[in-house]
2 protein chains.
Amino acid sequence: MKIGELAERTRLAPSQIRFYESIGLLKMVRRQPNGYRSYPPEAVLVLNLIVTGQKAGFSLDELRRLLPSDLAQWEHGRLLDALRDKVQDIAAFETRLAQSKAQLVALIAEIEARPDDIDCATNAKRVLSRMGLCETQSPTLVAGDIKALGKAKRRRVAGAG
Amino acid sequence: MKIGELAERTRLAPSQIRFYESIGLLKMVRRQPNGYRSYPPEAVLVLNLIVTGQKAGFSLDELRRLLPSDLAQWEHGRLLDALRDKVQDIAAFETRLAQSKAQLVALIAEIEARPDDIDCATNAKRVLSRMGLCETQSPTLVAGDIKALGKAKRRRVAGAG
DNA sequence: CTTGACATTAAAGTTAACTTTAAAGTCAAA
DNA sequence: TTTGACTTTAAAGTTAACTTTAATGTCAAG
């Protein structure tokens, strides 16, 4: 199958598929006599696997180290380890998220509970000090910040030219 | 206070503080006669607020729109709305995380439950098809991916020169 | 009066995961 | 035979949130 069809079947952009190849993530590709890329049906599986892996928090770099070029050659040990590590990461992240949410909820409550007889500035300071924002909260830095919560942007609809 | 002290008190890098100023996020800064930046004590509050906001998933861009230059001029309405929106975002994200984790756990179980009498390739295919990786899982794209789960990298320890 | 720590600037570099652009070749169909 | 859809490439652009670099200025202390 050519890149267009693969793109359609995986709902990825052709440029994305070429990119994955360029970084050594997708190696199952041959060339037709005319130079066009030619993919086996399993390429769909692998690309879906990559997408799934990304959704689970694996970087393309991690995935490259994890996914063998040959589907028949999975290193079960390393793979399972990585999966378990990632589950741990997610659990830790869930904790951090819960904390952030709790803090936001508390902040909202704090702001809403404004005594009504004090002005904005005073209330602002009250809220800030109550929330412990005056002191550094986490002395030890936690790896990875919540980058993913930003607004959705330029998202292209594949195949809707 | 000069930038060095502010950096120490907030545990941010001076370059970071200058950067925040450059994008219009931190406006409470004057200049000494010699050209050095001079910050009021409230700058510590604001920077901590920014850091906290980031941890809760706000982008610097969102924070800029949300935080007024003057602490006494909080727009409670817009602020509360934004906070509630963010709580929603986090909740949605928690759901996605939980799904990802469940999928990973199921995947681990699936791999471990390998019948032992079949080879790697066959098992791989069995796992892949069982996990539904052959079909596109989410037809509609969800905004925001889990970028934050990547490995921790170059993290500088402020003040440990 | 020199040293060292700190400050300034503009501009370029970093990372991840892609997309966009530009210039060109391929190919089935009208 | 000329569209038009699809393909190729290398290289540059994008975004966020910073850092690094380089060249220079300030200032308290020895």
Side-chain angles (χ1 to χ4, degrees), chain A residues 1-8 10-26 29-39 47 50-51 53-55 57-65 141 143-161, chain B residues 1-8 10-26 29-39 47 50-51 53-55 57-64 141 143-159 161:
Chain A
M1 122 186 47
K2 286 186 294 180
I3 201 172
E5 188 184 341
L6 181 58
E8 209 173 322
T10 58
R11 295 173 170 283
L12 300 179
S15 66
Q16 203 172 343
I17 298 175
R18 292 196 197 96
F19 172 71
Y20 287 163
E21 180 186 342
S22 78
I23 63 172
L25 186 50
L26 182 63
V29 52
R30 311 241 161 212
R31 292 298 178 133
Q32 291 177 0
N34 59 10
Y36 285 17
R37 287 175 178 79
S38 178
Y39 300 92
L47 285 180
I50 290 172
V51 170
Q54 276 187 290
K55 283 185 186 167
F58 287 92
S59 70
L60 295 186
D61 205 56
E62 290 175 296
L63 289 174
R64 178 178 40 204
R65 284 181 229 133
L141 287 173
D145 296 308
I146 310 176
K147 299 286 167 62
L149 287 174
K151 297 292 177 202
K153 339 162 189 172
R154 28 112 233 180
R155 258 304 177 201
R156 66 197 54 272
V157 187
Chain B
M1 111 184 59
K2 286 185 294 180
I3 201 171
E5 187 184 343
L6 181 58
E8 207 174 322
T10 58
R11 296 174 170 279
L12 300 179
S15 65
Q16 202 172 344
I17 298 175
R18 291 195 197 97
F19 172 71
Y20 287 164
E21 180 187 342
S22 77
I23 62 172
L25 186 50
L26 183 64
V29 51
R30 312 243 162 213
R31 293 297 179 131
Q32 290 177 1
N34 58 11
Y36 286 16
R37 287 175 178 78
S38 179
Y39 300 92
L47 285 180
I50 289 171
V51 170
Q54 276 187 291
K55 283 185 186 167
F58 287 92
S59 70
L60 296 186
D61 204 55
E62 289 176 297
L63 289 174
R64 179 178 39 204
L141 288 173
D145 297 309
I146 309 176
K147 298 287 167 61
L149 288 175
K151 298 291 178 200
K153 338 155 195 184
R154 28 110 234 185
R155 259 303 176 202
R156 62 199 58 274
V157 186

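By convention in this document, chain letters (A, B, ...) are assigned in the order of the sequence lines, proteins followed by strands, and residues within each chain are numbered from 1.
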[atom1] of [X] versus [atom2] of [N]: gap in Å, rounded?
| X | N | atom1 | atom2 | result |
| --- | --- | --- | --- | --- |
| B:Ile17 | C:dA7 | CD1 | P | 10 Å |
| A:Asp61 | C:dA16 | CG | C1' | 10 Å |
| B:Leu6 | C:dA7 | CG | P | 10 Å |
| A:Leu12 | C:dC18 | CG | C1' | 11 Å |
| A:Tyr20 | C:dA16 | OH | C1' | 11 Å |
| B:Leu63 | D:dC18 | CG | C1' | 15 Å |
| B:Leu60 | D:dA16 | CG | P | 9 Å |
| A:Arg64 | C:dA17 | CZ | C1' | 12 Å |

**Asked** So which heavy atom on B:Ala7 is nearest to which on B:Ala13, and how close?
**Response** CB-C, 4.5 Å
**Item:** Base-contact (B) and sugar-phosphate-only (S) positions in nucleotides 6-11 of chain D, heavy-atom cut-off under 4.0 Å, - elsewhere
**Value:** BSBB--
How many angstroms lie between [atom1] in [X] and [atom2] in [Y], if you round to the nearest 0.5 Å?
| X | Y | atom1 | atom2 | value |
| --- | --- | --- | --- | --- |
| A:Gln32 | A:Ser38 | CD | OG | 5.0 Å |
| A:Ile50 | A:Leu26 | CD1 | CG | 5.5 Å |
| B:Glu62 | B:Leu25 | CD | CG | 12.0 Å |
| B:Leu6 | B:Ile17 | CG | CD1 | 4.0 Å |

**Item:** Any residue meeting side-chain contact (heavy atoms from CB on, under 4.5 Å) with A:Glu5, in chain and number order, not counting sequence neighbours
**Value:** A:Met1, A:Arg9
**Complete:** Residues passing the side-chain contact (heavy atoms from CB on, under 4.5 Å) test with B:Arg37, sequence neighbours excluded, are B:Ile3, B:Arg18, B:Glu21, B:Val29, B:Arg31, B:Tyr39
**Asked** For B:Ser59 and D:dA16, is the shortest distance between a side-chain N/O and OP1 or OP2 below 4.0 Å?
**Response** no
**Request:** Answer yes or no: does a side-chain N or O of A:Ser15 lie under 4.0 Å from OP1 or OP2 of C:dC18?
**Result:** no
**Message:** Closest approach to the side chain of A:Asn34, judged atom by atom: which nucleotide of C:dC18, C:dT26, D:dT19 is it?
**Reply:** C:dT26
**Asked** Considering residues at least two apart in sequence or located in another chain, which fulfil the side chain to side chain donor-acceptor pair (under 3.5 Å) criterion with B:Asn34?
**Response** none
**Asked** Axis-to-axis angle across the helix from C:dC1-D:dG30 to C:dA30-D:dT1, five pairs an end, to 10 degrees?
**Response** 30°
